[in-house]
Each structure stands twice: as C-alpha cells, then as structure tokens.
Amino acid sequence: MVNSVQFPLRIEAVVIDLDGTLLHTAPDLAEAANRMLADLGMPPVPEETLKSYIGNGVAQLIKRTLTGEMYGEPDSELFARAKPIYEKNYDEVVSLYSRPFPGVVEGLQALKAAGYHLACITNKAARFTLPLLKDTGLHDYFELILSGDTLPKMKPDPLPLLHAAEFFGVAIDRMLLIGDSQNDAQAARAAGCHVFCVPYGYNHGQDVNNLDLDAVVDNLVAASKLICKA
Ligand SMILES: O=C(O)COP(=O)(O)O
Ligand SMILES: [Mg+2]
C-alpha cells in the first residue's frame with residue numbers, strides 16, 4: 001500500500017538495505033547454508049526456499065534452514081553446532097556469486113553526486129557485511145555502515161534508522177530508507193522516516209506492493225528521481 005506523499009520528497013540522507021536491495025546475495029547464502037547442511041549430514045534446501053528465509057539476520061537464517069519453518073526453534077545443541085559451521089562456510093563464499101542488482105551502481109553514483117548522506121543498514125553480521133561491500137566495490141559510497149550486530153537491535157526495530165539520522169544530524173523525516181522487505185518498511189514506519197522498496201529483492205516470498213510504503217521503485221536510479229536535496 002503506497003500512501004499519499006508529495007514528490008519529490010525533500011531528503012538529506014539516504015540509507016540503503018544490503019541483501020535484496022544493493023546485492024543479489026541469495027546464491028552465496030544458499031551455498032553456505034547447503035555446505036552447512038552437508039557438513040551436518042542433512043539434505044540441501046533449494047535456493048528459492050532459502051531466499052524466503054533471508055532478512056532477519058544470520059541466526060534466524062540458520063534456524064529456518066535447520067527447521068524448515070520461519071519461526072521454528074531447532075534443538076539448542078544442534079544450533080550451537082551448526083552456527084560456527086555456517087559462519088565458516090559463509091566466510092568462504094561471501095562474495096563468490098554476489099553482485100549488485102541492475103541500477104545499483106548508477107543509482108549510488110547519482111545519489112552521491114546529488115550530495116545526500118549515504119549509509120548502508122543491514123541485518124547481516126558485520127564480519128560478512130564489510131568484506132562483501134569491499135569485494136563488490138560498494139563500500140566507499142557509504143559514510144556509515146550499520147550491520148545486524150553493530151547496535152543492540154536490528155530491523156524491524158527503528159534503532160538503526162534513528163542512530164543513522166542522529167549520526168548525520170538530520171531530522172528523521174528528511175531521511176529515506178530504500179529496502180526490499182517488510183523488515184525495512186516496519187523499521188522505517190516505526191522510526192518515522194520515508195521508505196521505498198524495490199520489487200526484485202527478498203520479502204519472504206511476499207509482494208512488496210502490500211507493504212506500507214511511500215513508493216515501490218524499479219531500482220535505485222528510479223528512487224533518486226523521486227527525491228530532491230532538502
Ligand atoms: O538478514 C540478513 O542477514 C540481511 O538482511 P538485510 O540486508 O536485507 O537487512
Ligand atoms: Mg533486504
């Protein structure tokens with residue numbers, strides 16, 4: 001559901017989600033999950049299934065992979081054994097296949113040239129976020145990078161967004177989040193900032209048009225055309 005706001009939005013800071021928005025990471029996440037399952041002597045999961053598990057951080061991704069349920073709780077001993085195995089495997093394949101989505105580099109260039117403050121806000125753990133952004137050439141676009149374990153809370157909690165607005169010294173209603181999932185929409189609404197979603201990401205298999213957003217945009221270039229420097 002897109003509510004009625006006046007475009008172009010007057011914006012000073014743009015904060016952008018990583019998985020499913022900046023980078024197509026599902027192949028590497030699926031590769032790490034299936035290597036973990038193989039190490040545990042368990043059958044693999046299809047990439048499409050794994051894609052529906054992405055968005056709530058690494059612990060949730062592992063639990064969903066082990067149980068086959070969105071909010072299942074695996075045996076605690078199995079989870080304790082599986083987590084380091086997953087992390088070792090994801091360290092090895094973190095940027096094997098991951099690539100920027102179409103329009104991401106051009107969009108970041110346009111946003112940077114327009115003078116917006118730029119941050120990346122992701123639920124991915126920092127040990128994976130930083131090498132991935134460096135390996136894909138996106139790291140230096142951002143003045144601030146908040147990972148899932150940088151602060152005490154991750155999206156859909158508003159804390160990372162409120163932290164970014166304070167870091168940039170901008171009013172929360174002069175900040176825009178561009179994401180791909182309900183975690184982004186909910187975090188933005190709770191924080192009070194604007195939010196666009198792209199349709200090509202990972203929203204647990206759900207249509208982003210059903211989310212409470214200010215716009216659904218084809219890509220980051222289209223997003224840059226709906227805002228102006230406040
Ligand atoms: O759940 C994750 O690890 C990543 O999620 P995000 O980059 O879409 O916030
Ligand atoms: Mg995402």
Side-chain angles (χ1 to χ4, degrees), residues 14-33 36 45 47 49-66 70-71 82-83 86-87 89-91 93-95 98-101 103-104 107-108 118-133 135-136 138-139 141-142 144-151 153-161 163-164 176-191 193 195-208 211 213 216-217 219-220 223:
V14 180
V15 297
I16 308 173
D17 168 67
L18 194 157
D19 295 82
T21 305
L22 287 170
L23 294 170
H24 181 35
T25 54
D28 290 330
L29 290 163
E31 180 65 27
M36 172 194 77
V45 298
E47 186 177 314
T49 305
L50 194 283
K51 247 172 89 168
S52 72
Y53 296 164
I54 299 170
N56 297 98
V58 63
Q60 274 291 22
L61 187 72
I62 295 166
K63 290 182 178 180
R64 290 167 177 166
T65 302
L66 293 174
M70 283 306 279
Y71 293 98
K83 189 166 184 289
Y86 177 86
E87 290 170 339
N89 279 302
Y90 194 39
D91 279 334
V93 301
V94 70
S95 55
S98 293
R99 294 293 177 271
F101 284 104
V104 163
L108 288 172
L118 291 183
C120 175
I121 297 184
T122 175
N123 285 352
K124 187 185 291 299
R127 85 184 254 183
F128 308 121
T129 302
L130 297 177
L132 179 56
L133 287 176
D135 292 351
T136 53
L138 302 186
H139 178 274
Y141 282 104
F142 303 110
L144 174 69
I145 296 170
L146 298 178
S147 291
D149 50 356
T150 305
L151 299 171
K153 296 279 183 74
M154 64 171 74
K155 300 173 292 183
D157 193 282
L159 181 62
L161 295 172
H163 179 92
L176 168 68
L177 170 63
I178 305 174
D180 71 315
S181 90
Q182 66 187 26
N183 300 299
D184 303 306
Q186 288 170 0
R189 287 304 183 229
C193 68
V195 56
F196 296 167
C197 270
V198 293
Y200 56 64
Y202 318 139
N203 183 37
H204 311 297
Q206 305 299 311
D207 183 347
V208 293
L211 297 174
L213 302 169
V216 175
V217 289
N219 55 43
L220 267 55

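Just so you know, ligand 1 is whichever comes first in the structure, and atom 1 is the first atom listed for that ligand. Side chains included, hydrogens not; waters and symmetry mates left out as well; all remaining heavy atoms used. Owing to the predicted nature of the structure, the values given are computational and were not obtained by experimental measurement.
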What do you reckon, does G55 put a non-hydrogen atom under 4.0 Å from ligand 1?
yes
Checking side chain to side chain contact (heavy atoms under 4.5 Å, CB included) for the pair L66/M36: CA distance, chi angles, key distance, verdict?
CA-CA 10 Å; L66 293 174; M36 172 194 77; 4.0 Å; yes
Taking 4.0 Å as the limit for heavy-atom contacts, which would you say applies to D184 with ligand 1: side chain only, backbone only, both, or neither?
neither
Is a side-chain N or O of D149 found less than 3.5 angstrom from the main chain of A126, in a donor-acceptor match?
yes
List the closest protein heavy-atom neighbour of atom 6 (P) of ligand 1: residue, atom name, distance to the nearest 0.1 Å.
D17 OD1, 2.9 Å
Name the closest protein heavy atom to atom 1 (O) of ligand 1, giving the residue it belongs to and the distance to 0.1 Å.
G57 N, 2.8 Å
Please could you name the atoms of ligand 1 that K124 approaches to less than 4.0 Å, counting only its heavy atoms?
2 (C), 3 (O), 4 (C)
Number the atoms of ligand 1 from 1 as they appear, then name those within less than 4.0 Å of a heavy atom of K155, with their elements.
9 (O)
Which atom, counting only N, O or S, brings D180 closest to the Mg ion (ligand 2)?
OD1
Does the N or O separation between I121 and ligand 1 drop below 3.5 Å for any pair?
no
I'd like to know: is the Mg ion (ligand 2) within the 2.8 Å range of an N/O/S atom from D17, strictly under that distance?
yes
Could you list the atoms of ligand 1 found under 4.0 angstrom from a heavy atom of L18?
7 (O)
For T122, atoms of ligand 1 separated by under 4.0 Å from a heavy atom
4 (C), 6 (P), 7 (O), 9 (O)
Against ligand 1, does G20 come closer than 4.0 Å with any heavy atom?
no
Would you say the side-chain atoms of S181 pair up with the backbone N or O of Y202, donor to acceptor, closer than 3.5 Å?
no
Yes or no on side chain to side chain contact (heavy atoms under 4.5 Å, CB included) for L29 and Y86, after CA distance, side-chain angles and deciding distance?
CA-CA 9 Å; L29 290 163; Y86 177 86; 3.3 Å; yes
V94 vs R127, side chain to side chain contact (heavy atoms under 4.5 Å, CB included): CA-CA, chis, key distance, verdict
CA-CA 10 Å; V94 70; R127 85 184 254 183; over 6 Å; no
To the nearest 0.5 Å, what is the distance between CG on L177 and CD1 on I16?
9.0 Å
shortest atom 4 (C) of ligand 1-to-protein heavy-atom contact is with D19 OD1, 3.0 Å
Is a side-chain N or O of D180 found less than 3.5 angstrom from the main chain of T21, in a donor-acceptor match?
no
Please determine if N123 has a nitrogen or oxygen closer than 3.5 Å to a nitrogen or oxygen of ligand 1.
yes
Taking the side chain as every heavy atom from C-beta outward, state whether F142 and L22 have any atom pair closer than 4.5 Å.
yes
Among D135, T136, D28, whose side-chain hydrogen bond (donor to acceptor under 3.5 Å, both in side chains) with S98 holds?
D28
Return the name of the atom in D19, of element N, O or S, nearest to the Mg ion (ligand 2).
O
As a quick check of understanding, evaluate side chain to side chain contact (heavy atoms under 4.5 Å, CB included) for Y71 and Q60, giving each step before the final call.
CA-CA 8 Å; Y71 293 98; Q60 274 291 22; 3.7 Å; yes
